[in-house]
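A short write-up of the structure that comes next.
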Amino acid sequence: MGRGKIEIKRIENANNRVVTFSKRRNGLVKKAKEITVLCDAKVALIIFASNGKMVDYCCPSMELGAMLDQYQKLSGKKLWDAKHENLSNEIDRIKKENDSLQLELRHLKGEDIQSLNLKNLMAVEHAIEHGLDKVRDHQMELLNSKRRNDKMIMEEHRQLTFQLQQQDMAIASNARGMMMRDHDVQFGYRVQPIQPNLQEKIMSLVID
């Protein structure tokens, strides 16, 4: 027996609705691909599920944007307003500018220069030389900065070394003084202070 006709109405059961959507969606995409190949047709298909998810298909021979433009032209229906049209034009402008910059970059790398004339080649050469001058200037600036930093580090190291030597000398001097005092105390020595008149005589002898 053949299957009975299904009444076309909303399926109330959520699980059945999801299963049916999946099967019908796959069937539509399959049919769209078949008619594209069999009939050399330009086909675009956009499906939005009840949960907001989108499924789309567009034939390989034509982009979806171009197909929508053709639809708008042939049907007379405007798919977007002037704001969106200006945005589309701006996107096209940026894309062309990006392509131009990519081509210029390849030229600076020495690629795809066969199509350039003498004037363009001279312009590329000038741009490369100008870039090299900037690179050399920046390189020299970095080297000078490194030399200054190295000099500052060496000077700081010298000062720290000198301070450390001074501290070592002070510690050694204090240690010798303490050892002498301990020695004097142990053997009962006492250093007599020099009398003022005797100190004057010594100084006069030194001067003479």
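- Looking at Lys73 and Asp69, no side-chain N of the basic residue comes within less than 4.0 Å of a carboxylate O on the acidic one, giving no salt bridge.
- Under the side chain to side chain donor-acceptor pair (under 3.5 Å) test applied with Gln159, the options Glu155, Glu156, Gln163 reduce to a single match, Glu155.
- Annotation for Glu63: atom CD does not count as buried by contact number, only 12 or fewer foreign heavy atoms lying within 6.0 Å.
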The test is side-chain contact (heavy atoms from CB on, under 4.5 Å); show your working for Leu45 and Ile47 and say whether it passes.
CA-CA 7 Å; Leu45 175 65; Ile47 303 173; 4.0 Å; yes

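- Looking only at distances, a side-chain donor or acceptor of Thr161 sits under 3.5 Å from a matching main-chain atom of His157.
- For Arg136 and Asp133, the salt-bridge test passes: some basic side-chain N is under 4.0 Å from an acidic carboxylate O.
- The environment of Asp168 atom CG is dense: over 12 non-hydrogen atoms of other residues, nucleotides or ligands sit within 6.0 angstrom.
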Are Tyr57 and Ile46 close enough, and set up right, to give a side-chain contact (heavy atoms from CB on, under 4.5 Å), and what steps lead you there?
CA-CA 7 Å; Tyr57 166 78; Ile46 302 176; over 6 Å; no

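- In plain terms, the two heavy atoms of Gly52 and Phe48 that are nearest each other are O-CD2, 4.4 Å.
- Closest approach of Ile11 to Thr20, counting heavy atoms only: CD1-OG1, 3.4 Å.
- More than 12 heavy-atom neighbours from other residues, nucleotides or ligands sit within 6.0 angstrom of CD on Glu34.
- Between Glu12 and Arg10 there is a salt bridge, since a side-chain N of the basic residue sits under 4.0 Å from a carboxylate O of the acidic one.
- For the residue pair Asn13 and Asn16, the shortest heavy atom distance occurs at OD1-N, 3.0 Å.
- Looking only at distances, no side-chain donor or acceptor of Ser145 sits under 3.5 Å from a matching main-chain atom of Glu141.
- By the 6.0 Å contact criterion, CE on Met122 is open, its count of non-hydrogen atoms from other residues, nucleotides or ligands being 12 or less.
- The two residues Asp112 and Arg106 make their nearest non-hydrogen contact at OD2-NE, 2.8 Å.
- For Cys58 against Leu64, the heavy-atom pair with the smallest separation is SG-N, 3.6 Å.
- Residues Ala44 and Met67 share a closest heavy-atom pair of CB-SD, 3.0 Å.
- Applying the 6.0 Å contact sphere to CZ of Arg17 captures more than 12 heavy atoms from other residues, nucleotides or ligands.
- In this structure, the side chain of Ser100 does not engage the main chain of Lys96 through any donor-acceptor pair within 3.5 Å.
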